[in-house]
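A quick write-up on the structure given underneath.
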Amino acid sequence: MQKEEVDKARNNDDVTNGRSTDEVICVKFVKMQGLGNDYIYVDLIDDNLELNHYILNNKINIKQWIENLCHRNFGIGGDGVIFIKKPMSNWDLPIHGHMDMFNSDGTRSEMCGNGLRCVAQYLCDKLFKSDDNILKEIWVESNLGKNIYHCFCKPKDELISYSKSLMVEIEMGTLDKYQMKELDWKSNWHGKEIGFPLYCLNVPNPHAVCLIHEIKENLEVEFDKFPVETLGSPIEIALDVFPNRTNVEFVQVVDEVIGEINFKDEIIIYSKQRTWERGTGETFACGTGAFAVSQVLYRHFGEERNGIVCIELKGGKLYFRYKRDGNSVNVFNDWSCWLRF
């Protein structure tokens, strides 16, 4: 946290957190996390109708309000805010809700993988009975009505949540849906120029992936000490290449899989990931980032096999099941999505 940001928050007399009036309204929220990627969830379908009125009528400075809310010392604290709303578009499917995601700096993002799993958990808690072990299906809309995701929710009793914690699996679509572009990137490290390929994808939010073994110059640093901010921040704000900024992933490919649980499908690729998130900084996990990384790795090493790509992040592991059955279908899968509040 920069000192000027702390001073600004400390001296902020606007107790309404971004509102332009002297009134104070109560906001009902839920704090949830997926692999340590924590967001503040605000239901605008049935709750917080007054807040929704202020947002729709531009009576609230939403950017400032979110910045204040996400402040780790002077607010609730979080990597961002996710509004759960009614669907925005007409689909020939029973869409259960829309997620509108904002980074901690108040900027809107197209998608959040960990957030999507938590939204599915929230909607399952809200819409379905929790006293059974039946697989539940949730459809969630995102990206201002441009995308929908099919979520499969199954109780996982050994975890703790508001009702029952769920193992959430999300169908992400076919591999050819996501186009990858390779860039030859140059960065500065301790006064010397280093070069490496960047693999860029929109899933639908933008990601730039660096496989650290492809860095031409050996940085001779351990992965947990890798200069994520030093290299990631300049890439994020390279507006001539990424006009909407980008998230940046740094990936270490690991040869040996240790301590894995049993899967019906073989784990074919195992790697570690650290992420510099657009508008937030380094976070414990990034679901869409791991999804982008899994695609890069599968295209590099998957050899069109069926199997699972396992990504280890600071907050835990994500699993991506790739299937070759005519179309290249992949599924976004997580085994540890639970909420706290």
Please state whether the rings of H150 and F152 are parallel, tilted or perpendicular, taking 30° and 60° as the class boundaries.
tilted
**Message:** Tell me whether the rings of F83 and F102 are parallel (<30°), tilted (30 to 60°) or perpendicular (>60°).
**Reply:** perpendicular
Please check: side-chain N/O of [X] versus main-chain N/O of [Y], any donor-acceptor pairing under 3.5 Å?
{"X": "E141", "Y": "S89", "result": "yes"}
{"X": "E312", "Y": "K314", "result": "no"}
{"X": "R274", "Y": "E249", "result": "no"}
{"X": "N143", "Y": "G145", "result": "no"}
{"X": "N205", "Y": "S109", "result": "no"}
{"X": "N103", "Y": "T280", "result": "no"}
{"X": "H96", "Y": "W139", "result": "yes"}
{"X": "N188", "Y": "G191", "result": "yes"}

Assigning hydrophobic clusters by single linkage (Ile, Leu, Val, Met, Phe, Trp, Tyr; side-chain heavy-atom cutoff under 4.5 Å), is [X] placed with [Y]?
{"X": "V27", "Y": "L44", "value": "yes"}
{"X": "W185", "Y": "V293", "value": "no"}
{"X": "Y149", "Y": "F320", "value": "yes"}
{"X": "M172", "Y": "L313", "value": "yes"}

Taking NZ, NE, NH1 and NH2 as the nitrogens, is one of them in [X] or [Y] under 4.0 Å from a carboxylate oxygen of the other?
{"X": "K192", "Y": "E217", "result": "no"}
{"X": "R72", "Y": "D79", "result": "yes"}
{"X": "D105", "Y": "R245", "result": "yes"}
{"X": "K126", "Y": "D43", "result": "yes"}

Review point. How about S294 and Y319: does a side-chain donor come under 3.5 Å of a side-chain acceptor?
Key: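 The answer is no; no qualifying pair exists.
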Can a side-chain donor-acceptor contact be found between R299 and Q295 if the only test is distance below 3.5 angstrom?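 Present: a donor and an acceptor within the cut-off.
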Query raised in the report: Are F291 and Y178 close enough that their ring centers fall under 6.0 Å?
Result: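 Between Y178 and F291, which both carry aromatic rings, the centre distance is below 6.0 Å.
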Requested in this report: Kindly state whether the ring of H300 and the ring of Y199 have centres lying under 6.0 angstrom apart.
Outcome: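 So the answer is yes for these two rings.
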Would a 4.5 Å heavy-atom cut-off, applied to side chains only, mark [X] and [Y] as touching?
{"X": "F196", "Y": "L211", "result": "no"}
{"X": "Y322", "Y": "I308", "result": "no"}
{"X": "P197", "Y": "L183", "result": "no"}
{"X": "S271", "Y": "L297", "result": "yes"}
{"X": "L219", "Y": "I194", "result": "yes"}
{"X": "L116", "Y": "S142", "result": "no"}
{"X": "N48", "Y": "N52", "result": "no"}
{"X": "D100", "Y": "I82", "result": "no"}

Heavy-atom pair with the smallest gap, counting every atom of [X] and [Y]:
{"X": "C118", "Y": "G34", "answer": "SG-N, 4.0 Å"}
{"X": "P234", "Y": "L231", "answer": "CD-O, 3.5 Å"}
{"X": "G287", "Y": "L318", "answer": "CA-CD1, 4.0 Å"}
{"X": "G316", "Y": "L35", "answer": "CA-CD2, 3.8 Å"}
{"X": "N37", "Y": "F284", "answer": "N-CB, 4.4 Å"}
{"X": "V221", "Y": "P227", "answer": "CG2-CD, 4.1 Å"}

Is the [atom1] atom of [X] crowded by more than 12 outside heavy atoms at less than 6.0 Å?
{"X": "K186", "atom1": "NZ", "value": "yes"}
{"X": "N90", "atom1": "CG", "value": "no"}
{"X": "K63", "atom1": "NZ", "value": "yes"}
{"X": "K225", "atom1": "NZ", "value": "no"}

**Q.** side-chain contact (heavy atoms from CB on, under 4.5 Å) between D38 and M32, intermediate numbers included
**A.** CA-CA 6 Å; D38 61 331; M32 302 178 72; over 6 Å; no
* Asked: With sequence neighbours left out, what residues match E277 under side chain to side chain donor-acceptor pair (under 3.5 Å)?
  ->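 Counting only residues at least two positions away or on another chain, E277 forms a side chain to side chain donor-acceptor pair (under 3.5 Å) with T283.
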Check against side-chain contact (heavy atoms from CB on, under 4.5 Å), C70 and V81 | CA-CA 8 Å; C70 292; V81 173; 3.8 Å; yes
- Query: Yes or no on side-chain contact (heavy atoms from CB on, under 4.5 Å) for R108 and L144, after CA distance, side-chain angles and deciding distance?
  - Reply: CA-CA 10 Å; R108 178 181 266 123; L144 298 179; 3.8 Å; yes
